[in-house]
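Below you'll find the structure, written out as structure tokens, and then a few comments.
Being a predicted model, the structure only gives us computed values, none of them experimental. Indexing begins at 1, ligand by ligand and atom by atom, following the structure's order.
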Amino acid sequence: VVHWPCVASQRKRLNWVQLAGHKGNFKAAGEGSILKKISENEKQCFERLSGDALQPFVPQFLGVVEKDGESFLHMTDLLATFDLPNVMDCKMGIRTYLEEELVRARDQPKLRKDLYEKMVEVDGQGPTALEHAQKGVTKPRYMQWRETMSSTHTLGFRIEGIKKADGTCRTDFKKTHNQQDVTAAFRDFVEEDDSIVRSYLGRLAEIQQVLQTSEFFKRHEVVGSSLLFIHDHTGRAEVWLIDFGKTSALPEGQMLSHAVPWQEGNREDGYLWGLENLVQVLEAVDCG
Ligand code: ATP
Ligand code: MG
Ligand code: MG
């Protein structure tokens, strides 16, 4: 088993683990809560989620806090009530960038050496012969290529990281894109415990149901958001929606289906399609 350097807790907050994002974006807060570096966009999402059908499935928003001259979103630590939790972050949707980011990237069509190098690092076969010769790729090309490497493109979600109770932690799923490999990662995560699988499936069914009624969900492009899976040895298993840093409101009167394919301009995110695939993967985790 590979031990990956996930950002684990120091000192008293033994439970806390961060499976994605920049290390500096999070700070410990009072008991049972954490601070995430503020983005105005995510703050607005938390405010709009207040009173929405989805509210019971997202961390409780406790307001904005100033610390060391910076502003943070104060929210509940979902891990706090677990004993040595197993944690998995699944980033949902068929793309993890906003349409406007793609448009902006196209405004600067210059060849980027750094992105070429990032591409080669993941897959030497990634760049075309021309790109190899130029030692550069454009940003939109890089963004779109990246999604085809992971299961984002094929399944509508990807695993960002898994931390298990035994201390092992993996964040190397950037190239995990077929259903078999994703299923194997899920099977390892639940340690072939059938009752945990059933609990997760129950919770996902609730989430699927509540997404049908949520006004927030209808009116937002949900990109880069994750489902956080948490279970421990007591048999408790929960799934929560986190990370609304890139979730953005649609123009007044517009709605998404979250289930039809994305074509640039329609802003569809494939969230429900990905969730359906995720449920199928979990159902295929045969613990027999
Ligand atoms: P990125 O956009 O790269 O995914 P980010 O900076 O937006 O990162 P998040 O994805 O919100 O950060 O969170 C990063 C990690 O921190 C999650 O994968 C999860 O492990 C942990 N985390 C975030 N929010 C919570 C929470 N409320 N309770 C417990 N753990 C959390
Ligand atoms: Mg995230
Ligand atoms: Mg984010």
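In summary, the aromatic rings of F82 and H231 are positioned with their centroids too far apart to meet the 6.0 Å limit. Centroid-to-centroid, the aromatic rings of W16 and F26 come within less than 6.0 Å.
In terms of modelled atom types and a separation under 3.5 Å, the side chain of T128 and the main chain of E131 share a donor-acceptor contact. A side-chain donor-acceptor contact under 3.5 Å links N86 to the backbone of A165. Here the side chain of K175 pairs a donor or acceptor atom with the backbone of V122 at under 3.5 angstrom.
Of the polar atoms of E160, none of the N or O atoms is found under 3.5 Å from an N or O of ligand 1, judged by distance alone. Residue contacts with ligand 1: M75 is placed with no nitrogen or oxygen under 3.5 Å of a nitrogen or oxygen of the ligand (distance criterion only). Inclusion of Q18 in the set of residues having an N or O under 3.5 Å from an N or O of ligand 1 is not warranted. On a distance-only criterion, E42 and ligand 1 share no N/O pair closer than 3.5 Å. For ligand 1, none of its N or O atoms has an N or O atom of H22 under 3.5 Å away. Residue W16 places no N or O, backbone or side chain, under 3.5 Å from any N or O of ligand 1.
Close contacts of ligand 1 with P59, meaning ligand atoms under 4.0 Å from a residue heavy atom, involve 27 (N). Close contacts of ligand 1 with V17, meaning ligand atoms under 4.0 Å from a residue heavy atom, involve 20 (O), 21 (C). Within ligand 1, the atoms closer than 4.0 Å to a non-hydrogen atom of I242 are 17 (C), 23 (C), numbered from 1 in the order shown. In the vicinity of D77, heavy-atom distances shorter than 4.0 Å reach the ligand 1 atoms 28 (N), 29 (C).
At the top of the distance list for atom 18 (O) of ligand 1, counting protein heavy atoms only, stands D89 OD2, 2.6 Å. The nearest protein atom to atom 8 (O) of ligand 1, hydrogens excluded, is given as G21 CA, 3.1 Å; this is a heavy-atom distance. Atom 14 (C) of ligand 1 has as its closest protein heavy atom A20 O, 3.3 Å. Here the protein heavy atom with the shortest distance to atom 5 (P) of ligand 1 is K36 NZ, 3.6 Å. Among protein heavy atoms, the minimum distance from atom 1 (P) of ligand 1 is reached at D243 OD2, 3.6 Å. T76 O, 2.9 Å is the protein heavy atom nearest to atom 27 (N) of ligand 1. Scanning the protein for heavy atoms near atom 13 (O) of ligand 1, the closest one is F26 CZ, 3.2 Å. Ranking the protein heavy atoms by distance from atom 6 (O) of ligand 1 puts N25 ND2, 3.3 Å first.
Between E70 and K37, at least one side-chain nitrogen of the basic residue sits less than 4.0 Å from a carboxylate oxygen of the acidic one, meeting the salt-bridge criterion.
Of all the heavy atoms of K37, none lies under 4.0 Å from any atom of ligand 1, so neither backbone nor side chain is involved. At a 4.0 Å heavy-atom cut-off, ligand 1 touches L19 through backbone and side chain alike. Here W240 has no heavy atoms under 4.0 Å from ligand 1, in either its backbone or its side chain.
Residue-ligand proximity: K91 is placed with a non-hydrogen atom under 4.0 Å from ligand 1. A heavy-atom separation below 4.0 Å is not found between V87 and ligand 1.
Here E160 does not reach the Mg ion (ligand 2): none of its N/O/S atoms is less than 2.8 Å from the metal.
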For residues 270-277, which side-chain donor-acceptor pairs fall under 3.5 Å, sequence neighbours excluded?
| unit_1 | atom_1 | unit_2 | atom_2 | d |
| --- | --- | --- | --- | --- |
| E276 | OE1 | Q208 | NE2 | 3.2 |
| N277 | ND2 | L155 | O | 2.8 |
| N277 | ND2 | W273 | O | 3.4 |

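Across the listed options T96, I34, T171, L78, I34 owns the non-hydrogen atom lying nearest to atom 25 (C) of ligand 1.
Between L62 and S33 the shortest side-chain heavy-atom distance falls below 4.5 Å.
In the hydrophobic cluster analysis, where Ile, Leu, Val, Met, Phe, Trp and Tyr join through side-chain heavy atoms closer than 4.5 angstrom, L278 is grouped together with I162.
D232 and T234 share a side-chain donor-acceptor pair at under 3.5 Å.
One finds the CD atom of E264 at 5.5 Å from the CD atom of E99 (value rounded to the nearest 0.5 Å).
Tested against V58 for a side-chain contact (heavy atoms from CB on, under 4.5 Å), the candidates I242, L241, D52, T76 yield a single pass: L241.
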Inset, instruction - Quick one: do K163 and D89 satisfy salt bridge (Lys or Arg N to Asp or Glu O under 4.0 Å)? Show the steps, please. - result: CA-CA 9 Å; K163 159 91 194 297; D89 179 311; over 6 Å; no
Legend entry - Verdict with supporting geometry, F217 and H258, ring-ring contact (aromatic ring centres under 6.0 Å, His included): CA-CA 9 Å; F217 191 59; H258 302 282; 3.6 Å; yes
Legend entry - Stepwise ring-ring contact (aromatic ring centres under 6.0 Å, His included) test for H220 and F244: CA-CA 10 Å; H220 285 77; F244 305 102; 8.9 Å; no
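Sorting the N, O or S atoms of D243 by how far they are from the Mg ion (ligand 2) puts OD2 first.
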